[in-house]
Amino acid sequence: DETRNQPAYRNRRRIIHGKPCQAPATGAAHPAGAVQAVMNAPGNRYIFCVSPGRSGTHYLQQVFSCAKGVCAVHEPEHQFPEYAHLKPHLWDLRNTPLASTASERRHAKLAQVNGILASTGAGIYAETNPLFSTLWHDVLLEALSDCELTIIILRRNASAVLKSLLDLGWFQGRDGNRWMVTAYSVNSPLKAPVSESRASAAELIIGYLLNVESNARLIKRRCEQQGHGVIELYSQQLFEEKNAIEMLLSRTGLEPDMERLARLDADSRNKQTISKKSTDTPVEACRAELDHYLDSCREYAIDIPDLYYL
């Protein structure tokens, strides 16, 4: 995480459709009314992604960056910290109820999105961010209820996500309680089959994955009620199915830049070859952990959502 705070890291990742995103002037501020006016400007469109971490959100951002006129960002809390200074308690999703911070989160997030949009002049904002489903979805769905909004629900094989998060050390050397809403969070609608003191890293992560899936279904229902578009897909489709990227851009009404798409396709094939060499945690062991957790939930009659694409 320290690397994320280095200027070189942020500058490397803050390229939006081939152009650097310029930071606002020091001390720049946007009154709440002005922010809402800019975000609700005629013609503005918004795309957000519901997905757990390590499910292909960064690649999805690269896909959207291949569309013309799109401001596509990934995890803007790390890319653009100058746009919104998030107070520590806003991150404490383990102990702080979301309802108690709605006003602060709304102000922080709208200022962030507005600042990024204003710096690019784009009319379409696409954000891929695991924090959307845990920290931002409630305030953004309310603030953008009258805007043209599309939600992408991106899923990846649950065993593969669990393996990836374990390999990165979450809940082992790294504490995920700040932003990963597990079954022990005050914001979780789900119960856990074991006490928190006895929960393993894998069990904590599985609780997080179940919460993301639960939120995905709630967000989908709310968006459908409000008339917003919802697209569900698996990350492997983007990597493996022919014309999947063009079809996604078409469904979201975006015009692709074919030259950039060709470069992205070549880069993704190279990265897949490299990523397949990672074998720290056997995926079979992760599948066994998932099966055991889900069986325990059924044993204790704990109502949980099905994890798609096990």
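The aromatic rings of Tyr208 and Trp179 lie perpendicular to each other, with more than 60° between the two planes, well past the 30° mark.
Cluster membership for Ile231 and Met247, using ILVMFWY side-chain heavy atoms within less than 4.5 angstrom, is not shared. Leu141 is connected to Leu98 through a chain of hydrophobic side-chain contacts under 4.5 Å among Ile, Leu, Val, Met, Phe, Trp and Tyr, so both are in one cluster. Tyr125 and Val230 end up in the same hydrophobic cluster when Ile, Leu, Val, Met, Phe, Trp and Tyr side chains are linked at under 4.5 Å. When hydrophobic clusters are built by joining Ile, Leu, Val, Met, Phe, Trp and Tyr residues whose side-chain heavy atoms come closer than 4.5 Å, directly or via intermediates, Val113 is grouped together with Leu131. Hydrophobic clustering of Ile, Leu, Val, Met, Phe, Trp and Tyr side chains at less than 4.5 Å, counting indirect connections, unites Val194 with Leu210.
Scanning both residues, Leu209 and Pro52, for their nearest heavy atoms gives CD2-CB, 3.7 Å. Across every non-hydrogen atom of Gly56 and Ser235, the tightest pair is CA-CB, 4.5 Å. Here the shortest heavy-atom pairing between Leu168 and Arg174 reads O-CD, 3.0 Å. Smallest separation of non-hydrogen atoms from Thr128 and Thr57: OG1-O, 2.9 Å. In this structure, Tyr184 and Ala199 approach most closely via the heavy-atom pair OH-CB, 3.6 Å. Here the shortest heavy-atom pairing between Gln61 and Ala72 reads NE2-O, 3.1 Å.
Under the 3.5 Å distance criterion, the side-chain polar atoms of Gln237 are matched with a main-chain donor or acceptor of Tyr234. Of the possible donor and acceptor atoms, none in the side chain of Arg105 sits under 3.5 Å from a partner among the backbone N and O of Leu90. No side-chain donor-acceptor contact under 3.5 Å links Glu75 to the backbone of Pro130. For the pair Ser200 (side chain) and Glu203 (backbone), a donor-acceptor distance under 3.5 Å is present. With Lys68 contributing its side chain and Asp257 its backbone, the two residues share no donor-acceptor pair below 3.5 Å. For Asn215 (side chain) and Thr134 (main-chain N/O), no donor-acceptor pair under 3.5 Å exists by modelled atom type. In this structure a side-chain-to-backbone donor-acceptor pair under 3.5 Å is present from Asn187 to Thr96. Here the side chain of Glu148 pairs no donor or acceptor atom with the backbone of Arg45 at under 3.5 angstrom.
For the pair Glu246/Leu249, no side-chain contact is recorded, criterion being any heavy-atom separation below 4.5 Å from C-beta on. His228 has its side chain out of reach of Ile151: every pair of non-hydrogen atoms, C-beta onward, lies at least 4.5 Å apart. Here the side chains of Pro256 and Cys66 are not in contact, with every heavy-atom distance at 4.5 Å or above. Proximity of Asn211 to Ser185: side-chain heavy atoms (C-beta onward) are nowhere separated by under 4.5 Å. Leu140 is listed as a side-chain neighbour of Leu110, based on a closest heavy-atom distance under 4.5 Å. Between Leu254 and Ile47 there is a side-chain heavy-atom pair separated by less than 4.5 Å. In this structure, Ile152 and Leu233 have side chains that are in contact, with non-hydrogen atoms separated by less than 4.5 Å. Within the 4.5 Å cutoff, the side chain of Asn129 has heavy atoms near those of the Pro76 side chain.
A salt bridge links Lys109 to Glu77: one of the charged nitrogens lies within less than 4.0 Å of a carboxylate oxygen. Between Arg155 and Glu213, at least one side-chain N (NZ, or NE/NH1/NH2) sits under 4.0 Å from a carboxylate O, which counts as a salt bridge.
Residues in residues 132-154 take part in these ring-ring contact (aromatic ring centres under 6.0 Å, His included) pairs, two or more places apart or across chains: Phe48-Phe132.
No more than 12 heavy atoms of other residues, nucleotides or ligands sit less than 6.0 Å from atom CG of Asp303. Atom NE2 of His89 has more than 12 heavy atoms from other residues, nucleotides or ligands within 6.0 Å.
Annotation: the span from Ser55 atom OG to Asn157 atom CG amounts to 10.0 Å, rounded to 0.5 Å. We find the NE2-OG distance between His107 and Ser103 to be 8.5 Å, quoted to the nearest 0.5 Å. Remark: Thr252 OG1 to Ile124 CD1 distance equals 8.5 Å, nearest 0.5 Å. Taking SG of Cys286 as the reference point, atom CG of Leu166 lies at 5.0 Å (rounded to 0.5 Å). Atoms CG and OG, on Asp138 and Ser133 in that order, are 11.0 Å from each other to the nearest 0.5 Å. The distance from the OG atom of Ser65 to the CG atom of Leu261 is 8.5 Å, given to the nearest 0.5 Å.
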In sequence, state the C-alpha distance, the side-chain angles, and the governing distance for Met180 and Phe171, and then conclude on side-chain contact (heavy atoms from CB on, under 4.5 Å). CA-CA 10 Å; Met180 287 182 172; Phe171 296 108; 3.4 Å; yes
How far apart are the C-alpha atoms of Arg217 and Asp306, what are their side-chain angles, what is the distance that settles it, and do they pass the side-chain contact (heavy atoms from CB on, under 4.5 Å) test? CA-CA 11 Å; Arg217 299 180 188 199; Asp306 293 331; 3.9 Å; yes
